[in-house]
Amino acid sequence: MQIYIINLYINSLFLLIVLKPLIIKNIQTEILRWFRAEKRDFLWRGQKDAYKIWLSEIILQQTRVAQGMPYYLKFISAFPDVEALAKASEQEVLKLWQGLGYYSRARNLHTAAKDIVENYNASFPEEFEELKKLKGVGNYTAAAIASISYNKPVAVLDGNVYRVLSRLYEDEIPINENGAEKHYSILANSLLDKKNPGDFNEAMMELGAMICTPQNPKCEECPINRFCKAKENNLTEILPIKLKKLKVRTRYLHYLFIHDAKNLILKKREAGDIWQGLYDFPLEENEGGKVKIFQSLDLDLTTLKKNNLKKITHKLTHQTLEISFYKIELKSIREQIKGDYIFVPFTKLKDYPLPKPIENFLKDFAVL
DNA sequence: TAGACGTGGTC
DNA sequence: TGACCAAGTCT
């Protein structure tokens with residue numbers, strides 16, 4: 001009996017000290033080998049300029065490469081370095097970001113650029129903790145910059161890595177559960193190739209994006225399929241587990257396209273709502289009745305519906321927007337409109353960052 | 001800390 | 001077609 005227990009102990013010790021590191025080493029080797037042979041050729045790859053890595057990482061947050069690529073090119077061209085970006089106005093940055101969504105990324109990008117120029121002598125900090133102090137740089141982006149640009153051994157944890165880890169280890173802890181980040185971060189860091197952290201991090205993400213996809217993963221082509229518990233137990237379709245708790249509310253927006261011969265009215269959107277810092281039309285948000293924002297004009301939405309130009313549905317992550325546009329032509333808008341509105345010549349519209357529905361509306365009417 | 005924050009692609 | 005997702009972060 002004693003011998004049996006001792007054997008068991010030795011076996012598990014062997015597993016822990018010898019076998020596990022060996023398996024991890026194998027996985028690292030296979031992932032890196034695959035990555036170096038199969039990786040897509042992006043402009044920001046193969047160089048370590050922290051500015052470019054940072055910019056690409058911010059743009060690619062919650063965004064597909066195909067969607068972000070043109071924006072990366074525009075930004076690099078307009079702002080070749082962090083000083084150029086810092087010198088720009090927030091409106092210029094938002095204008096360039098127009099259409100990409102999650103506009104806080106653009107505002108934070110600009111804030112961080114100014115911070116780096118003013119407080120870091122225009123060069124990026126190298127340490128994970130220091131990078132995280134930059135506005136808009138969280139755990140993921142700090143790890144990406146630190147590992148790719150400065151070879152620091154910190155594992156990135158993005159949607160791809162969560163998925164790869166959950167499947168590889170058949171881990172059923174929901175990836176958006178409280179405490180999940182810490183849990184998966186430990187797994188990611190234990191798997192990280194500390195000698196090639198940048199390449200390995202990119203390799204994990206590339207694997208998740210190209211092979212270990214959310215639907216129809218290409219397990220037969222996966223370089224680590226022989227280590228994958230989810231594949232072995234046919235669980236790739238249900239892993240990773242994600243709790244769903246998204247509530248979508250519906251809002252009814254009535255936009256007044258008020259103009260005279262040469263100008264139209266815009267308003268800068270403020271904090272605490274969608275599209276902060278972008279410009280839209282005078283907005284009445286209710287179900288109907290009198291237009292309250294311009295009582296002097298004595299407008300009624302029911303009457304205005306005769307001039308209803310367009311009605312659309314625009315879906316955001318958390319809101320469904322039922323949008324109506326009304327056209328109101330006035331002789332001289334300056335005298336009749338009071339409040340926090342600006343009068344913009346049609347010729348200057350190109351300088352103003354606009355939410356997608358506003359941009360589309362103006363395009364439809366050949367104003368843009 | 002759970003919820004807010006855009007847009008476009010996919011099945 | 002609606003639900004889910006895509007290199008997350010902030011408050």
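Keep in mind that what you see is a predicted model, and the values were worked out from it rather than measured. Letters go in sequence order (proteins before strands), and every chain restarts at 1. Below, all heavy atoms of this structure are taken into account, side chains as well, without hydrogens, waters or symmetry copies.
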message = Whether the side chain of Asn225(A) engages the backbone of Cys219(A) through a donor-acceptor N/O pair (distance < 3.5 Å, no angle test) should be reported.
response = yes
Nearest-Å distance once atom P is located in both dA7(C) and dA4(B) = 23 Å
Q. Think Lys133(A) has a side-chain N or O under 4.0 angstrom from the OP1 or OP2 of dC10(C)?
A. no
Interatomic distance, CZ@Phe281(A) vs CG@Leu256(A), rounded to 0.5 Å, equals 9.5 Å
Using atom P of each nucleotide, how far apart are dG9(B) and dT9(C) to the nearest Å? 24 Å
Rounded to whole Å, CE of Met210(A) lies from C1' of dA7(C) at a distance of 14 Å
Practice task
Please state whether the phosphate of dT9(C), meaning OP1 or OP2, lies under 4.0 angstrom from any side-chain nitrogen or oxygen of Asn108(A).
Solution key: no
Between Arg269(A) and Gln276(A), is there a side-chain donor-acceptor contact under 3.5 Å, judged purely by atom types and distance? no
Considering only the P atoms, how many Å lie between dG6(B) and dT10(B), rounded to the nearest integer?
-> 23 Å
Per the under-4.0 Å heavy-atom filter, residues of residues 189-199 of chain A near DNA chain B come out as none
The complete set of salt bridge (charged side-chain N to carboxylate O under 4.0 Å, His left out) pairs with one or both residues in residues 45-59 of chain A, sequence neighbours excluded, reads Arg45(A)-Glu202(A), Arg45(A)-Glu206(A)
Applying salt bridge (Lys or Arg N to Asp or Glu O under 4.0 Å) to Arg107(A) and not counting sequence neighbours gives none
Taken to the nearest whole Å, CZ/Phe42(A) to P/dA7(C) is 11 Å
When rounded to whole Å, the CG to P distance for the pair Asn139(A) and dA7(C) reads 17 Å
Between CD1 of Ile238(A) and C1' of dC4(C) the distance, given in whole Å, is 17 Å
Practice task
Mind running ring-ring contact (aromatic ring centres under 6.0 Å, His included) on Phe361(A) and Phe257(A) for me, showing each step along the way?
Solution key: CA-CA 10 Å; Phe361(A) 173 84; Phe257(A) 173 46; 5.3 Å; yes
Indicate yes or no: at least one non-hydrogen side-chain atom of His318(A) is less than 4.5 angstrom from one of Val248(A).
-> no
When rounded to whole Å, the CZ to P distance for the pair Arg45(A) and dA7(C) reads 12 Å
Check your understanding: Is Thr141(A) touching bases, backbone alone, or none of the nucleic acid, heavy atoms closer than 4.0 Å?
Key -> sugar-phosphate
Rounded to the nearest 0.5 angstrom, the CD-CG distance for Glu237(A) and Asn234(A) is 8.0 Å
Original post:
Does Ile175(A) reach the side chain of Tyr184(A), with side-chain heavy atoms less than 4.5 Å apart?
Top reply: yes
What residues 142-173 of chain A contributes to the DNA chain C interface at heavy-atom separation below 4.0 Å is Asp158(A), Gly159(A), Asn160(A), Arg163(A)
Inset, instruction - Could you walk me through whether Trp97(A) and Tyr102(A) pass the ring-ring contact (aromatic ring centres under 6.0 Å, His included) test, one step at a time? - result: CA-CA 9 Å; Trp97(A) 200 272; Tyr102(A) 283 155; over 10 Å; no
Query - Same-atom distance (P) from dG3(B) to dC4(C), integer angstrom - result: 16 Å
Residue pairs meeting salt bridge (charged side-chain N to carboxylate O under 4.0 Å, His left out), one or both in residues 150-164 of chain A, sequence neighbours left out, come to Glu127(A)-Lys152(A)
Open item on the list: Could you check whether any side-chain heavy atom of Ser166(A) comes within less than 4.5 Å of a side-chain heavy atom of Ile241(A), counting everything from C-beta outward?
Closed with: no
The contact string for nucleotides 4-11 of chain B, one letter per nucleotide 5' to 3', using protein heavy atoms under 4.0 Å with B, S and - for base, sugar-phosphate only and none, comes out as BBBBB---
Trp44(A) atom CH2 is separated from dA7(C) atom P, nearest whole Å, by 12 Å
